[in-house]
Visitor: 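What follows is a structure written as structure tokens; I'll ask about it next.
Since the structure is predicted, the reported quantities are computational estimates derived from the model, not experimental observations.
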Amino acid sequence: MSPPRPLFGGALIVIGAIAYGFNIPAARVAALGGVNGSNLAALRTALFVAALALLIPLLGRSFRIQHGETGRITLLGLCSGFLAACYLSALSYVPVAMAVTVFYTFPLILILTAPLSGGGRITGWRMAAFAVAFAGICLAVGPSFAALDWRGLALAFAAAFASAAMFTITATLKQDRLTLLFWVQIAA
């Protein structure tokens, strides 16, 4: 018997939140340890692509892109590459903690643009959820306001907008999600 859809969806949301929450302190520890951000991102992406390349056939799914979705998947891949380039470039100008803090404004961008893309209204609950999550990020990374450079801030905000665009585009796709993840990681 399969789990009820709302329960399964809720479980996936919690797993995603844990993954995002784990990503921030892990990136900070790696940076403090002297690991280059580009190398870390490339290694993580390569491992994820390899895992997906094994998992997709194992689950009986296909690498084929559905008819009519190539353009949006290409745009999604471009946004993903733009996000990575902007975020990693931001690290040349601002500390990791500040880049992370600015980047994680993307949920606020999603909330504020949701009415324009058919994603619902701006509600107090959405704003409260963002405020609590953002406060947690600030507590976890402890952003430093020392050595701020407008180029780093602009690049981190560009990465945040690219991330918000990725979520908006993904919501319009009917492509199998594992296959979609595979092709977006290849683009990244």
Visitor: Once rounded to the nearest 0.5 Å, what's the spacing between atom CH2 of Trp183 and atom CG of Leu178?
Guide: 14.0 Å

Visitor: Less than 6.0 angstrom separating the ring centers of Phe103 and Phe157, yes or no?
Guide: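 Centroid distance Phe103-Phe157: not below 6.0 Å, so no.
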
Visitor: Is there a path from Phe82 to Leu78 through hydrophobic residues (I, L, V, M, F, W, Y) whose side chains come within less than 4.5 Å of each other?
Guide: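 They do not share one cluster, since no chain of ILVMFWY contacts under 4.5 Å joins Phe82 to Leu78.
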
Visitor: Under a 4.5 Å side-chain heavy-atom rule over Ile, Leu, Val, Met, Phe, Trp and Tyr, are Leu54 and Ile56 clustered together?
Guide: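 No, separate clusters.
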
Visitor: Any heavy-atom pair between the side chains of Leu76 and Leu180 that's under 4.5 Å?
Guide: yes

Visitor: State yes or no: are the ring centers of Phe182 and Phe63 separated by less than 6.0 Å?
Guide: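 Yes, the ring of Phe182 comes within the 6.0 Å limit of the ring of Phe63, centre to centre.
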
Visitor: With a 4.5 Å cut-off on side-chain heavy atoms, are Met166 and Val184 touching?
Guide: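 With C-beta onward as the side chain, the pair touches.
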
Visitor: Does atom CZ of Arg64 have more than 12 heavy-atom neighbours from other groups under 6.0 Å away?
Guide: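 Atom CZ in Arg64 is not packed in, count stays at 12 or less.
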
Visitor: Check step by step if side-chain contact (heavy atoms from CB on, under 4.5 Å) holds for Tyr87 and Leu155.
Guide: CA-CA 6 Å; Tyr87 182 76; Leu155 287 163; over 6 Å; no

Visitor: Examine distances only and state if a side-chain atom of Gln175 and a backbone atom of Glu69 form a donor-acceptor pair shorter than 3.5 Å.
Guide: no

Visitor: Please name the pair of heavy atoms, one in Ser89 and one in Ala85, separated by the smallest distance, quoted to 0.1 Å.
Guide: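 Between these two residues, the closest heavy atoms are OG-O, 2.7 Å.
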
Visitor: Does any part of the side chain of Arg72, heavy atoms only, come nearer than 4.5 Å to the side chain of Thr170, both counted from C-beta?
Guide: no

Visitor: Taking the side chain as every heavy atom from C-beta outward, state whether Ile169 and Cys79 have any pair of such atoms under 4.5 Å apart.
Guide: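 Answer yes - side chains close enough.
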
Visitor: So if you build clusters from Ile, Leu, Val, Met, Phe, Trp, Tyr with side-chain heavy-atom gaps below 4.5 Å, do Ile109 and Ile111 land together?
Guide: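 In one cluster: no.
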
Visitor: Working note: Val94 + Arg151, criterion side-chain contact (heavy atoms from CB on, under 4.5 Å); need CA distance, chi angles, decisive distance, verdict.
Guide: CA-CA 8 Å; Val94 294; Arg151 296 170 292 187; over 6 Å; no

Visitor: Working to the nearest 0.5 Å, report the span between CD1 of Ile65 and CG of Asp176.
Guide: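 Between Ile65 CD1 and Asp176 CG, I get 11.5 Å after rounding to 0.5 Å.
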
Visitor: Shortest non-hydrogen contact from Ala156 to Ala99?
Guide: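 Smallest heavy-atom distance, with atoms named: CB-O, 4.1 Å.
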
Visitor: Before you tell me yes or no, could you show the steps for Phe106 and Phe167 under side-chain contact (heavy atoms from CB on, under 4.5 Å), namely the whole-Å CA-CA distance, both residues' side-chain angles and the distance that decides it to 0.1 Å?
Guide: CA-CA 10 Å; Phe106 79 83; Phe167 278 93; 3.3 Å; yes

Visitor: Using the side chain to side chain contact (heavy atoms under 4.5 Å, CB included) definition, which of the options Asp149, Leu148, Leu91 pairs with Met98?
Guide: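 That would be Leu148; it is the only one of Asp149, Leu148, Leu91 passing the side chain to side chain contact (heavy atoms under 4.5 Å, CB included) with Met98.
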
Visitor: Out of Thr168, Leu110, Leu83, which residue meets the side chain to side chain contact (heavy atoms under 4.5 Å, CB included) rule with Ser163?
Guide: Leu83

Visitor: Shared ILVMFWY cluster between Phe48 and Leu58, side chains joined below 4.5 angstrom?
Guide: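 No, because Phe48 and Leu58 fall into different hydrophobic clusters, even though each may have its own neighbours under 4.5 Å.
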
Visitor: Kindly determine whether Leu55 and Arg61 satisfy side-chain contact (heavy atoms from CB on, under 4.5 Å), including the steps that lead there.
Guide: CA-CA 9 Å; Leu55 188 61; Arg61 298 187 181 168; over 6 Å; no

Visitor: Say whether, by atom type as modelled, one donor and one acceptor occur between the side chain of Thr45 and the main chain of Gln185 under 3.5 angstrom.
Guide: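 Absent.
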
Visitor: Should Leu112 and Val132 be regarded as members of a common hydrophobic cluster, given that ILVMFWY residues are connected when their side-chain heavy atoms come within less than 4.5 Å of each other, either directly or indirectly?
Guide: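 Looking at the clustering, Val132 is in a separate group from Leu112.
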
